[in-house]
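Below, chains carry the letters A, B, ... as their sequence lines are ordered, and counting in each starts from 1.
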There are 2 protein chains.
Amino acid sequence: MVTLEDIALKAGVSHSTVSRALADSPLVNPSTKERIQNLAREAGYQVNQVARNLKTRSTKTIGLVVPEVSNPFYPELIQRVADHAKLAGYSLQLHLSAADQESESDCIASLSANRADGVLLVTGERGLVARSQVNALTASGTPVVIMGWVEDSDHLDLVAGDDSAGGRELASHLADLGHTRIAVLGKAPHRGAFDRLVGFGDVLRERGIPLPPAMSIEVKNEEDVRLGVTRLLALPDPPTAIFAYQDSLAAVVYRQLEEAGVSIPSEMTVVGFDDLDLATYLSPRLTTVGAHISPLASAFVSLLVARIQGTHPEPAPQSIIVTPKLIVRASSAPPRTRGFASAGI
Amino acid sequence: MVTLEDIALKAGVSHSTVSRALADSPLVNPSTKERIQNLAREAGYQVNQVARNLKTRSTKTIGLVVPEVSNPFYPELIQRVADHAKLAGYSLQLHLSAADQESESDCIASLSANRADGVLLVTGERGLVARSQVNALTASGTPVVIMGWVEDSDHLDLVAGDDSAGGRELASHLADLGHTRIAVLGKAPHRGAFDRLVGFGDVLRERGIPLPPAMSIEVKNEEDVRLGVTRLLALPDPPTAIFAYQDSLAAVVYRQLEEAGVSIPSEMTVVGFDDLDLATYLSPRLTTVGAHISPLASAFVSLLVARIQGTHPEPAPQSIIVTPKLIVRASSAPPRTRGFASAGI
DNA sequence: ACCTGCTTTGCACACGATTGCAGAGATACT
DNA sequence: AGTATCTCTGCAATCGTGTGCAAAGCAGGT
């Protein structure tokens with residue numbers, strides 16, 4: 001690898017002059033500057049960022065920690081974050097924090113060792129696992145911004161969707177359509193974690209729609225979803241609508257309903273949450289609720305960059321809450337009435 | 001940030017001793033070693049990788065260049081590559097090379113400046129764009145391994161699926177089922193690029209199945225797919241099977257067929273290519289062809305690591321070709337016979 | 001001729017780690 | 001006691017850049 005010194009020898013100057021010439025400093029004579037720049041280009045000089053980072057004590061790099069990439073929500077987010085970070089002059093260092101990968105703490109340790117200028121941390125289902133490491137990192141001067149649900153977010157910079165509001169939107173939509181027997185498929189509920197379920201439940205209560213235990217099913221994996229749907233269909237009074245708390249789960253519900261010969265939306269309404277690209281691939285296209293990912297990513301990056309550069313007007317931790325919107329597609333419709341159902345076909 | 005020198009002061013030794021103690025060197029007295037390690041832990045010492053990388057002239061980092069992440073094939077690949085890289089002791093630096101992002105050349109320049117130990121480059125539809133930069137990088141001692149189609153791969157380390165064989169498998173499957181009117185949806189065909197289409201076409205020819213121009217449709221985006229499907233259905237002799245050259249396109253075909261009231265597979269067989277997770281989300285589940293991504297990623301990383309460490313037995317560029325397998329699911333069936341079709345319903 | 005000011009360049013140190021080499025003590029052996 | 005050996009520690013150089021400071025060279029004004 002060719003260094004500043006190599007160019008300096010060729011040009012008959014000192015490495016300082018070469019450094020300044022390549023930085024286009026006004027301190028160096030225009031003619032020699034051009035000569036040096038040409039020489040560097042011909043020699044295929046590539047600055048050694050490692051050395052530069054050491055000297056300038058900044059890497060122009062932000063770490064992005066994401067639980068996984070098999071759920072399509074995350075790739076979409078990564079793409080947007082990459083766009084915005086590049087725009088701000090930062091490059092990205094991606095780490096996956098899922099169980100079989102590095103744990104969240106390891107990711108943070110690695111980013112800290114590599115002296116990332118800042119860290120964007122997206123929490124998974126378990127919330128913020130590495131809270132103490134995050135605090136330590138912040139204390140040592142590296143800003144961290146969290147995205148997603150966190151148990152106690154008082155002392156953190158945070159960007160999150162308003163899951164509770166989204167849940168309320170969906171429940172209202174179903175109630176407006178006239179559904180009164182509604183089932184919910186949720187994942188092992190960490191205390192307070194799944195606000196979308198809470199918001200959903202609140203509206204049902206307000207509207208006087210019951211949610212008996214048999215209609216509220218915890219699912220941990222695809223198999224659970226299959227069993228759950230089967231059990232719902234076998235009830236004496238089966239639901240007319242199913243809320244899957246993630247679009248990716250709704251996809252599994254679709255499959256199971258299809259195998260059972262139940263058509264969507266005429267015999268069963270299905271709604272999801274997140275508004276992934278997936279939602280429009282499914283047929284019928286899925287009614288769901290979600291925020292546009294791009295503005296979310298933009299807020300995420302902007303806040304971090306402002307923290308890094310110390311330009312944020314408000315020194316106290318910020319919480320940016322984005323309200324998701326209801327997107328009505330083809331998977332939701334009014335319930336078939338009893339009489340009509342038995343008379344049907 | 002606390003440095004070796006800080007710990008050295010606290011311990012009353014020189015920074016050399018601290019460095020050796022933390023590296024668990026046998027050159028330092030066991031008792032002082034332990035004392036230093038404790039001190040470092042209490043002080044929250046985090047090695048400065050930037051400095052270490054400069055000194056050791058190695059970053060234990062490999063660059064991964066991927067066209068985009070909205071096509072679900074890539075996230076799956078990223079995940080696997082991350083797994084295998086971590087296993088080999090390397091961390092990942094991800095770059096997106098799609099048009100609106102950094103171009104391939106910029107990605108390589110950045111990785112070169114950051115002194116990545118090696119580069120994994122996944123080509124997109126346009127093949128290897130930054131060939132000269134790749135050659136320069138290889139020449140300067142940083143190994144590069146390519147994944148995907150490349151026009152002239154003689155002097156490159158390469159891992160690729162055998163698209164031609166995959167195309168043949170699919171065509172044979174359709175022919176075996178008895179289809180004789182088969183349509184193909186492909187993307188703007190760069191010369192030699194889409195071997196999957198070539199292999200598919202070869203088998204049709206061998207079996208004496210015609211592929212008239214009206215049945216071979218170029219598509220550039222979703223809208224093209226919609227139009228194409230509509231046009232196919234309007235033909236006097238519409239096809240009984242459609243081959244979409246990517247699973248993600250097959251998903252769009254599904255949607256359009258559904259809107260047209262054509263049921264899969266009873267009225268139309270649809271097959272894809274890649275075997276994404278998506279293929280099993282669709283209903284009916286998609287018949288497709290693909291290689292398991294994990295072994296592909298493993299070969300990809302292993303080859304690069306062997307090159308980095310100079311342990312590969314064969315110094316000449318290697319081509320590793322993986323043969324994909326046919327996965328028959330629920331979207332393919334024998335064609336309805338003419339007579340039966342008109343008598344049907 | 002001398003002073004002042006401006007442009008341009010080089011010297012030398014710093015960033016934070018690793019590591020070869022020398023040397024200080026301690027121990028063992030003749 | 002003297003010497004060889006072994007264990008442990010510190011000195012100092014190094015990786016490749018960036019940059020404050022000094023100084024050289026030159027022009028212009030008195």
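Residue A/Ser19 is classed as a base contact, given a heavy-atom separation below 4.0 Å to a base. In this structure, A/Leu54 reaches the bases: a heavy-atom distance under 4.0 Å links it to at least one base atom across the strands shown. B/Val50 comes within 4.0 angstrom of no nucleic acid atom, judged by non-hydrogen atoms across all strands.
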Name the atoms and distances for all side-chain donor-acceptor pairs under 3.5 Å in residues 45-53 of chain A, with sequence neighbours left out.
from: A/Asn48; atom 1: OD1; to: A/Val50; atom 2: N; distance (Å): 2.9
from: A/Asn48; atom 1: OD1; to: A/Ala51; atom 2: N; distance (Å): 3.3
from: A/Asn53; atom 1: ND2; to: A/Gln49; atom 2: O; distance (Å): 3.2

Which pairs of donor and acceptor atoms, one on a side chain in residues 23-36 of chain B, lie under 3.5 Å apart (sequence neighbours left out)?
from: B/Asp24; atom 1: OD1; to: B/Lys33; atom 2: NZ; distance (Å): 3.2
from: B/Ser25; atom 1: OG; to: B/Leu27; atom 2: N; distance (Å): 3.0
from: B/Asn29; atom 1: OD1; to: B/Ser31; atom 2: N; distance (Å): 2.8
from: B/Asn29; atom 1: OD1; to: B/Ser31; atom 2: OG; distance (Å): 2.9
from: B/Thr32; atom 1: OG1; to: B/Asn29; atom 2: O; distance (Å): 2.9
from: B/Lys33; atom 1: NZ; to: B/Ser25; atom 2: O; distance (Å): 3.1
from: B/Arg35; atom 1: NH1; to: B/Ala11; atom 2: O; distance (Å): 3.3

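Contacts classified as salt bridge (charged side-chain N to carboxylate O under 4.0 Å, His left out) and involving residues 69-79 of chain A (residues at least two apart or in different chains) are not found. Residues in residues 54-75 of chain B take part in no salt bridge (charged side-chain N to carboxylate O under 4.0 Å, His left out) pair, two or more places apart or across chains.
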Check your understanding: Could you write nucleotides 4-14 of chain C as a row of B, S and -, 5' to 3', where a protein heavy atom under 4.0 Å of any base atom gives B, of only sugar-phosphate atoms gives S, and otherwise -?
Key -> ----BBBBB-B

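Taking only side-chain nitrogens and oxygens, B/Arg57 never comes nearer than 4.0 Å to OP1 or OP2 of D/dT14. The side chain of B/Arg52 contributes an N or O atom lying less than 4.0 Å from OP1 or OP2 of C/dT18.
Near-neighbour residues of DNA chain D inside residues 35-46 of chain A, defined by a heavy atom below 4.0 Å, number-ordered: A/Tyr45.
Rounded to the nearest 0.5 Å, atoms OG (A/Ser70) and CD1 (B/Ile78) are 12.0 Å apart.
Distance CG (B/Asp24) to P (D/dC8): 13 Å, rounded to an integer number of Å. Remark: P of C/dA17 and CD of B/Gln49 are 10 Å apart, rounded to the nearest angstrom.
Although no hydrogens or angles enter the test, the distance criterion places a donor-acceptor pair under 3.5 Å between the side chain of A/Thr123 and the main chain of A/Trp149.
Judged as a side-chain contact (heavy atoms from CB on, under 4.5 Å), and not counting sequence neighbours, the contacts of A/His292 are A/Pro295, A/Lys325. For A/Arg307, the side-chain hydrogen bond (donor to acceptor under 3.5 Å, both in side chains) criterion is met by A/Asp157, not counting sequence neighbours. Applying the side-chain contact (heavy atoms from CB on, under 4.5 Å) rule to A/Ser302 yields the partners A/Ser298; only residues at least two apart in sequence or on another chain are considered. A/Ala299 is linked by a side-chain contact (heavy atoms from CB on, under 4.5 Å) to A/Ile320, counting only residues two or more places apart in sequence or in another chain. In this structure, A/Arg131 has no salt bridge (charged side-chain N to carboxylate O under 4.0 Å, His left out) partners at least two apart in sequence or on a different chain.
Between its opening and closing five pairs, the helix from C/dA1-D/dT30 to C/dT30-D/dA1 changes axis direction by 70°, a value rounded to 10 degrees.
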